[in-house]
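A short write-up of the structure that comes next.
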Amino acid sequence: SSTKSVTGAQLGFFANGTDASANEPTAFVWDFGDGSDAESGQSVTHAYTEIGTYQPKVKITVGGVEKTVNGPSVAIGESDIYLTSGGDIQAAVNSAYPGATVHLGAGPYTLSTATTPYAVGANTAVVLDKPVRIIADSTNPYDTVITVSKSNTRAFYLGDPGALVAGVTIKGGGITSAYAYGGAAWLDHGTVSNCVFTSCTANGNGTGGSAVVLFADGLVTHTIISNNTSTITQNDNKGGGNVSMFGGTVRNCLIAKNTA
């Protein structure tokens, strides 16, 4: 197995070992495979500064005998990925290693393709199921507008506690199906912050949450949710015209002019 991370991230390493007589190790000396100085200790941390794949190993002294043990390889990727207006957000997420940040330059972006995550069961343009952050360079969310052009498609799915979408406007996302929720975003985990959700829809039987639906520990904070619409074809299990919550938290948001 291998570990994936990004440049500059502090990684933890731990070693254990005994000999046939159950003697406790007396020394641990780590070689991280990147030419850096060796470090001693049973539990240590290390940050790689260059992209590449490394083979860390530890020399363990047990009962006066030294033995070198290879750990799992470590693959290091870019900590920051930069997109300009019109760039492919999902492709950037796919190439990002855990802990990376995808930076969005100001301007319009269009989501025209989709996949269907098992956890969601509906078309979704950007699937963020690992600890990767998508952050607009501008602090004004109206400067970075993400429009869903593919029909019957949600904009974002967040499925990891470390996933983040921040500083963007999301418009045009829409789901049409039985129990359709969250035209802009579905959060099982992760955070949406300082965004605008507008002109999103959810249409179907038992529908609700035209803009966003939350489960588990999903968090939406400091976000404007306005002018979104749910169309409910039957009267059972009605949801709100803006947010449906089966868990999670909505905090410090402006919610206005949504309909159901």
Side-chain angles (χ1 to χ4, degrees), residues 89 93 101-102 104 111 117 119-136 138-148 153-177 179-232 236-260:
I89 298 174
V93 169
T101 299
V102 177
L104 302 184
L111 304 180
V120 177
N123 287 343
T124 303
V126 179
V127 177
L128 197 53
D129 55 2
K130 55 186 175 180
V132 169
R133 299 173 293 273
I134 299 173
I135 301 177
S138 173
T139 58
N140 184 345
Y142 292 103
D143 289 341
T144 309
V145 179
I146 300 172
T147 301
V148 181
T153 297
R154 175 183 297 110
F156 283 90
Y157 167 69
L158 280 69
D160 187 277
L164 170 68
V165 176
V168 301
T169 292
I170 299 172
K171 61 187 298 186
I175 295 294
T176 301
S177 67
Y179 302 100
Y181 299 98
W186 177 307
L187 284 77
D188 280 336
H189 307 283
T191 301
V192 169
S193 178
N194 188 35
C195 289
V196 177
F197 293 162
T198 189
S199 302
C200 295
T201 61
N203 305 304
N205 172 24
T207 288
S210 55
V212 61
V213 59
L214 295 98
F215 295 84
D217 56 0
L219 170 64
V220 177
T221 181
H222 295 90
T223 289
I224 298 172
I225 303 172
S226 66
N227 295 298
N228 304 285
T229 303
S230 288
T231 302
I232 302 167
D236 62 326
N237 198 31
K238 286 186 177 181
N242 46 76
V243 177
S244 283
M245 299 180 67
F246 301 89
T249 303
V250 175
R251 179 186 301 147
N252 297 327
C253 293
L254 173 62
I255 302 175
K257 299 181 179 180
N258 302 284
T259 58

Practice problem: Locate the shortest heavy-atom distance separating S193 from L164; write the atom from each residue and the value. | Solution: CB-CD1, 4.4 Å
Quiz item: Stepwise, does the side-chain contact (heavy atoms from CB on, under 4.5 Å) test hold for K171 with V196?
Solution: CA-CA 8 Å; K171 61 187 298 186; V196 177; over 6 Å; no
Exercise. Go through the steps for L111 and T153 under the test side-chain contact (heavy atoms from CB on, under 4.5 Å), then give the verdict.
Key: CA-CA 9 Å; L111 304 180; T153 297; over 6 Å; no
Practice problem: Could you tell me the separation between the CG atom of N227 and the OG1 atom of T198, rounded to the nearest 0.5 Å? | Solution: 4.5 Å
Practice problem: Considering non-hydrogen atoms only, spot the tightest contact between G167 and A136 and give its length. | Solution: O-CB, 3.1 Å
Practice problem: Could you walk me through whether F197 and V192 pass side-chain contact (heavy atoms from CB on, under 4.5 Å), step by step? | Solution: CA-CA 10 Å; F197 293 162; V192 169; 3.6 Å; yes
Quiz item: Hey, does the side chain of T169 reach the backbone of P141 with a donor-acceptor pair shorter than 3.5 angstrom?
Solution: yes
Self-check item: Smallest separation among heavy atoms of T223 and C253, with atom names
Solution: O-CB, 3.1 Å
Quiz item: Quick one: are F156 and I170 in side-chain contact, heavy atoms under 4.5 Å?
Solution: yes
Quiz item: Under 3.5 Å, is there a donor-acceptor pair between the side chain of T249 and the main chain of L219?
Solution: no
Exercise. Report yes or no: do D160 and H189 form a side-chain donor-acceptor pair below 3.5 Å?
Key: no
Practice problem: Please report the closest heavy-atom contact between K130 and V93, naming both atoms and the distance. | Solution: NZ-O, 2.8 Å
Quiz item: What's the spacing between F246 CZ and F215 CZ if we round to 0.5 Å?
Solution: 5.0 Å
Quiz item: When rounded to the nearest 0.5 angstrom, what is the spacing between OH in Y157 and CG in L128?
Solution: 10.0 Å
Quiz item: Rounded to the nearest 0.5 Å, what separation is found between the CD1 atom of I175 and the OG1 atom of T201?
Solution: 8.0 Å
Quiz item: Is a side-chain donor or acceptor of N228 paired with a backbone partner of N258 at a separation under 3.5 angstrom?
Solution: no
Quiz item: Is N194 reaching over with its side chain to a backbone N or O of A166, donor-acceptor style, under 3.5 angstrom?
Solution: no
Quiz prompt | Closest heavy-atom pair and its distance - I224, Y142 | solution = CD1-OH, 3.8 Å
Exercise. Considering non-hydrogen atoms only, spot the tightest contact between D188 and G159 and give its length.
Key: CB-CA, 4.4 Å
Quiz item: Name the one of V165, V126, V132 that satisfies side chain to side chain contact (heavy atoms under 4.5 Å, CB included) with V102?
Solution: V132
Self-check item: Side chain to side chain, L104 and I134, heavy atoms closer than 4.5 Å
Solution: yes
